[in-house]
Amino acid sequence: MTITTGKLTKSSTNTSADNANGNSEGNDGVNSTVNAEVNPSVNRRVNHRIHFADGNKGGVGKSVLCRTLYQWFLDQQQPVIGVEADVNSPDFKGIYADVMVAQFSEDETLGARANAIVNAVVDAQKSAVVNLPATVYEAFRLWLRDYDILTLATDNHIELVKWFVVTGEFDSLKSLEISLSSFDRRIPHVVVKNLKYGDWTFFEESDDLQALIRETQTPVIELPKLPVRVASTVLQQRLTYADSLRHRGKGFGVVEQAAVKSYLRSAYAAFESTGYLPSL
């Protein structure tokens, strides 16, 4: 399946990660030139990335973002490993059966299962897309600390990226602010506004959050909304996005297929605008 995309125009609050990262994912890697005081990772070579779909609460659209991002890699024929880390609501693996399973936990014996993510990326020399569970903040932090993941990633020319899905509600935005404050000097973020939710007034008027986004040079993108009936059918029938472009059934025909294609085109353009995906 091929989806032709264009580039989105960023607002003044969205400094392009194309500049911040030199669009460096690939076998050769590219050194970046942005101020290392903002993000120390930008002055090193990056061969592969581990893309975490986060949001730190249920129902914000993490699995939707994760499945769409994973489909981008498949459609562009880019090597990728899919990882389902939400063991309680495994919607990612429920649809993309080939993905592997990992687990984050504050229990050290269970938290070690997340090591499989980095091991797989290093062994296979591929990037990864990881669906994180809700309320993963503390388990994720402990994993980074206990296994010195960021040093290991640097040594292996791997960059961790958090794609943080937000709804525009206070608790969602507060989780984003905490994550940016805690990790973004070491782990770049992409703010993903899930357009399933319509009121972004609080997001736009949150001066502290907007200042933090500017300070950390964090791209802000929009995840488009699929019509409810289409999204429900995709989930109920356990369709990959590629399968949904061929699916025919009750209430699902060429119009619904076109809606999926339009959704992917817009989502892919937004993803590509961040500079965190491989060059095509």
Side-chain angles (χ1 to χ4, degrees), residues 1-3 5 49-104 117 120-121 126-134 136 161-167 172 190-197 221-247 249 252 256-274 276-278:
M1 178 180 66
T2 301
I3 301 291
T5 65
R49 291 188 173 93
I50 303 177
H51 303 276
F52 293 97
D54 196 8
N56 208 48
K57 60 176 291 188
V60 299
K62 293 189 303 293
S63 68
V64 175
L65 179 278
C66 185
R67 287 184 279 125
T68 309
L69 186 57
Y70 186 66
Q71 188 68 56
W72 182 93
F73 277 87
L74 298 180
D75 287 348
Q76 308 305 331
Q77 298 182 334
Q78 294 289 333
V80 67
I81 299 167
V83 183
E84 176 63 90
D86 191 344
V87 296
N88 294 317
S89 300
D91 289 336
F92 184 27
K93 186 168 180 59
I95 293 177
Y96 293 86
D98 60 327
V99 307
M100 60 180 281
V101 176
Q103 186 174 358
F104 289 87
I117 300 169
V121 169
K126 296 179 180 179
S127 293
V129 175
V130 183
N131 187 36
L132 289 177
V136 74
V161 181
K162 272 197 174 193
W163 299 69
F164 206 99
V165 186
V166 293
T167 66
S172 175
V190 176
V191 177
V192 182
K193 298 168 62 179
N194 187 351
L195 295 190
K196 176 181 177 182
Y197 302 90
I221 66 171
E222 296 178 346
L223 183 66
K225 176 185 175 182
L226 264 176
V228 173
R229 185 181 183 90
V230 176
S232 296
T233 299
V234 169
L235 193 58
Q236 181 182 25
Q237 298 295 324
R238 290 292 190 257
L239 300 172
T240 69
Y241 286 117
D243 290 340
S244 67
L245 294 178
R246 300 184 292 267
H247 180 72
F252 203 101
E256 289 72 24
Q257 291 171 354
V260 174
K261 187 173 183 178
S262 176
Y263 163 80
L264 292 176
R265 183 182 299 111
S266 296
Y268 289 0
F271 296 163
E272 292 165 7
S273 75
T274 67
Y276 286 119
L277 297 182

(message) If I compare all heavy atoms of Ala120 with all of Ile81, which pair ends up nearest, and what's the gap?
(response) O-CD1, 3.5 Å
(request) Kindly give the heavy-atom pair with the smallest separation between Asp54 and Val136, and that separation in Å. (result) OD1-CG1, 3.9 Å
(request) Answer whether the closest heavy-atom distance between the side chains of Tyr96 and Asp98 falls below 4.5 Å. (result) yes
(message) Looking at every non-hydrogen atom in both residues, tell me the closest pair between Ser244 and Val234 and how far apart they are.
(response) CB-CG2, 4.0 Å
(message) Distance check, rounded to the nearest 0.5 Å: Leu226 atom CG versus Arg229 atom CZ?
(response) 14.0 Å
(message) Contact between Leu69 and Leu277 at the side-chain level, heavy atoms closer than 4.5 Å - yes or no?
(response) yes
(request) Tell me, please, which residues at least two apart from Gln103 pass side-chain hydrogen bond (donor to acceptor under 3.5 Å, both in side chains). (result) Arg113
(request) Please step through side chain to side chain contact (heavy atoms under 4.5 Å, CB included) for the pair Asp86 and Phe104, ending with a clear verdict. (result) CA-CA 8 Å; Asp86 191 344; Phe104 289 87; over 6 Å; no
(request) Considering non-hydrogen atoms only, spot the tightest contact between Val83 and Val99 and give its length. (result) N-CB, 4.1 Å
(message) Around atom NZ of Lys57, are there more than 12 heavy atoms from other residues, nucleotides or ligands closer than 6.0 Å?
(response) yes
(message) To check you understand the geometry: which heavy-atom pair defines the closest contact between Val165 and Lys62, and what is its length?
(response) CG2-CA, 4.2 Å
(request) For the residue pair Val230 and Val260, establish whether any side-chain heavy-atom pair is separated by less than 4.5 Å. (result) yes
(message) Measuring from atom SG of Cys66 to atom CG of Asp91, what distance do you get when rounded to the nearest 0.5 angstrom?
(response) 10.5 Å
(message) For Lys193, is the NZ atom crowded, meaning more than 12 foreign heavy atoms sit under 6.0 Å from it?
(response) yes
(request) Say whether, by atom type as modelled, one donor and one acceptor occur between the side chain of Gln257 and the main chain of His247 under 3.5 angstrom. (result) yes
(message) Could you work out, with salt bridge (Lys or Arg N to Asp or Glu O under 4.0 Å) as the rule, every residue matching Lys93, not counting sequence neighbours?
(response) none
(request) For Lys261 and Leu245, work out which heavy atoms get closest and say how close. (result) N-CD2, 3.7 Å
(request) For the residue pair Trp72 and Tyr268, categorise the inter-ring angle as parallel (less than 30°), tilted (30 to 60°) or perpendicular (more than 60°). (result) perpendicular
(request) With rounding to the nearest 0.5 Å, note down the distance linking CD in Glu84 to CZ in Phe92. (result) 7.0 Å
(message) Tell me whether Asn131 contacts the main-chain N or O of Ala85 through its side chain, where contact means a donor paired with an acceptor under 3.5 Å.
(response) no
(request) Using side chain to side chain contact (heavy atoms under 4.5 Å, CB included) as the criterion, point out the one residue from Ile50, Val80, Leu65 that pairs with Val129. (result) Val80
(message) If you define the side chain from C-beta out and look only at heavy atoms, does anything of Ile221 sit under 4.5 Å from Ser273?
(response) yes
(request) Report the distance from atom CD of Gln71 to atom CZ of Phe271, rounding to the nearest 0.5 Å. (result) 10.5 Å
(message) Working to the nearest 0.5 angstrom, can you tell me the gap between Leu223 CG and Tyr197 OH?
(response) 11.0 Å
(request) Any chance you could lay out the ring pair (Phe, Tyr, Trp, His ring centres under 6.0 Å) test for Phe73 and His51, step after step, and finish with the verdict? (result) CA-CA 11 Å; Phe73 277 87; His51 303 276; 5.6 Å; yes
(request) Any chance you could measure Leu235, atom CG, to Ser63, atom OG, to the nearest 0.5 Å? (result) 7.0 Å
(request) Kindly assign one of parallel, tilted or perpendicular to the pair Tyr241 and Tyr263, based on the angle between their ring planes and the thresholds 30° and 60°. (result) tilted
(message) Could you work out, with side-chain hydrogen bond (donor to acceptor under 3.5 Å, both in side chains) as the rule, every residue matching Thr240, not counting sequence neighbours?
(response) Asp243
(request) Measure from the side-chain N and O atoms of Ser172 to the backbone N and O of Thr167, and report whether any donor-acceptor pair falls under 3.5 Å. (result) yes
(request) Kindly indicate whether the side chain of Val191, heavy atoms from C-beta on, has any atom under 4.5 Å from the side chain of Phe164. (result) no
